[in-house]
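Following: one structure in structure tokens, then a few remarks.
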Amino acid sequence: MNLSIQLAPKNKQGLSLTNPVMTASGTFGYGTEYSHMFDIQKLGAMVCKGTSLEPREGNPQPRLAETACGLLNSIGLQNIGVEALIKEKAPIWAGWRLPVIVNIVGETIDDYARLAGELDGVAGIGGIEVNIGCPNIKAGGAEFGAKPGSAAEVTAAVKAATSLPVLVKLTPNTSDIAEVAMAVAEAKADAISLINTLKGIAIDIARRRPLLGSITGGLSGPAIKPVALYMVYEVAGAVELPIIGCGGIATASDALEFIMAGASAIQVGTANLTNPRAPLDVLEGIEQFMGKEGIEDIAELIGAARG
Amino acid sequence: MRQEIASVTANTELMPQVHLMWLESPQIASIAQPGHFVMVRCGEGLEYQLRRPFSIHQVDKTKVKLALLFTVVGKGTHWLSQCRVGDNIDLLGPLGNGYSIHPGSQNLLLVAGGIGIAPLVFLAQQALSQGQSVTLLLGTSTATQLYPEHLLPSEVKLIIATEDGTAGKKGLITDLLPDFTGWADQIFACGPTSMYQTIVAQNQQKSKPVQISLEVRMGCGLGVCYGCTVKTKSGLRQVCKDGPIFDLGDILWGELDL
């Protein structure tokens, strides 16, 4: 049975995964936190916590609110910064079999380019995932990924600064995600991952104010799965690039839905918080499904639900 | 830290809306320390996106079972309260950094506000087994919410306050604190944020080290999601990983709006 996939076929170095199951940024830390619980190296790839040029403190409490089948978060991208990541985390990853992809976040296009440059050639780093769901401070706080133009600019700047495979993670908070995907593809992204969280609010009725310290948050979990699946389906019809599906995946059947909608790989996110073994469960479930259905190669399933 | 499927061996409503649950959880019970907590997976299926954190209330003498003491406040704790003997519950633990009894401390003053009694019984048991003296100040809103005295080790000196005066001294437990501070070598508190802020305001506490158990909304319990970060005098700290026990003086209360 072959589950391996290539996520960056046009990149010199490539991004080869032994299977399509990845962990989503922000829900799996730096991998080291879970590595004693199960053999995380059985997974296809790991995406680490969103990383900025300088360490970030993140948002005020409360940062989390559970909603119906979902989770609102406003962590605010608290992270150790790229310098500490290269010094403290990358050497650990260099000894791992699975590729580690660093999710990068910036407030300006130059931030992204500098981050990509710093990570280029660092042992232990197999690729970059560009989070374009961050507010573009120069453009008044709208997300980079909200418009095709700014999404393409960030992508091109990152590509110019690194030879690493570049995944661009799209935000659903846009009016036409296929258009953004096409712009990102045009700017030579190696692959596209989607979706990031959907913007949302919860209100504490006893205190008559928003529940989260920073008012708005990003919604994730099973509540967003149909939306994410739709967007993957849309984007898979619009671009030729490998797609990594993400959004509410908790089980193997969820993952298979994304793969059949056109994703080459998937990311397990919020489910990790309740069940740290969720990615492994998903992988084992995919293998069982393939065995039962007599499928030899995962490629047979990619886009299988498309007309 | 282990993930363990624990079997419920007892579940009783000890006080109104407060349950005492015993679980057979040898892997976690055998290494748990006072102040540690467990993350409990509540519910089946995909409805609940987060585990719920609970202090470890007690560990039995054989270190095979552990107890949780919890108030039913929402759907997760409601689900847990409905579990029956023999049901299996998925736990992650023991988690966090526990209370730390300094070498040389002989007189330990424990201050519990309401359900804050939960981790302090475990601490009292450990301290007594090491030959230390324990005084427990226990405050609740009313007499029916008081933890039953017969479940406490008999060597514990118990002082009670209730807000409505139905048992013990009428008022807040912190009203009684100054009377005992001089006796104590160390103070260990668990209760609502308002209780901690009162302790901070009582200037005389400055001379005695106070450890508190901090409660914020947690996501993973392992330091992965950064959902529970608070600012302290020594920088950003994750309550789940660096806490939940902190020195009272380390917390920047002005920054904390829970």
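A note on names: the letters A, B, ... follow the listed sequences, proteins ahead of strands, and every chain is numbered from 1.
In terms of heavy-atom pairs under 4.5 angstrom with chain A, the leader among B:Arg52, B:Lys241, B:Met218, B:Lys75 is B:Arg52. For the set B:Leu236, B:Thr229, B:Leu50, the count of heavy-atom pairs under 4.5 angstrom toward chain A peaks at B:Thr229.
Counting non-hydrogen atoms of other residues, nucleotides and ligands closer than 6.0 Å to CD of B:Glu13 gives a total above 12. The number of heavy atoms from other shown groups lying within 6.0 Å of OH (A:Tyr230) does not exceed 12. Counting non-hydrogen atoms of neighbouring residues, nucleotides and ligands closer than 6.0 angstrom, the CD1 atom of A:Ile205 reaches no more than 12 such neighbours. Counting non-hydrogen atoms of other residues, nucleotides and ligands closer than 6.0 Å to CD1 of A:Ile215 gives a total of 12 or fewer.
For A:Leu212, no part lies near chain B; criterion is any non-hydrogen pair under 4.5 Å.
When atom types are taken as modelled, the side chain of A:Gln61 and the backbone of B:Gly227 share a donor-acceptor pair closer than 3.5 angstrom. Although no hydrogens or angles enter the test, the distance criterion places a donor-acceptor pair under 3.5 Å between the side chain of A:Arg63 and the main chain of B:Tyr226.
In this structure, A:Glu33 and B:Leu222 approach most closely via the heavy-atom pair CG-O, 4.3 Å. Listed here is the closest heavy atom pair of A:Thr274 and B:Tyr48: CG2-O, 4.0 Å. Residue A:Ile75 comes nearest to B:Cys225 through the heavy atom pair CD1-O, 3.4 Å, listed as atom of the first residue, atom of the second, then distance. Contact record, B:Leu92 with A:Pro276: CD1-CG, 4.1 Å, taken as the closest heavy-atom pair. The nearest pair of heavy atoms linking A:Leu64 to B:Gly219 is CD1-N, 3.2 Å.
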| request: List the steps and the verdict of side chain to side chain contact (heavy atoms under 4.5 Å, CB included) for A:His36 and B:Met1. | output: CA-CA 9 Å; A:His36 60 283; B:Met1 192 271 300; 3.4 Å; yes

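Inter-residue side-chain proximity for A:Thr27 and B:Cys220 is flagged as unmet; no heavy-atom pair is nearer than 4.5 Å. Taking the side chain as every heavy atom from C-beta outward, A:Pro222 and B:Gln49 approach each other to under 4.5 Å. Taking 4.5 Å as the limit, some side-chain heavy atom of B:Lys231 sits within range of a side-chain heavy atom of A:Glu57.
Atom OH of A:Tyr34 and atom CD of B:Gln3 lie 10.0 Å apart (nearest 0.5 Å). Rounded to the nearest 0.5 Å, atoms CE (B:Met39) and CG (A:Leu273) are 8.5 Å apart. To the nearest 0.5 Å, atom CG of residue A:Asp254 and atom CG of residue B:Leu46 are 6.5 Å apart.
Remark: B:Arg51 does not engage A:Glu66 in a salt bridge, criterion side-chain N to carboxylate O under 4.0 Å.
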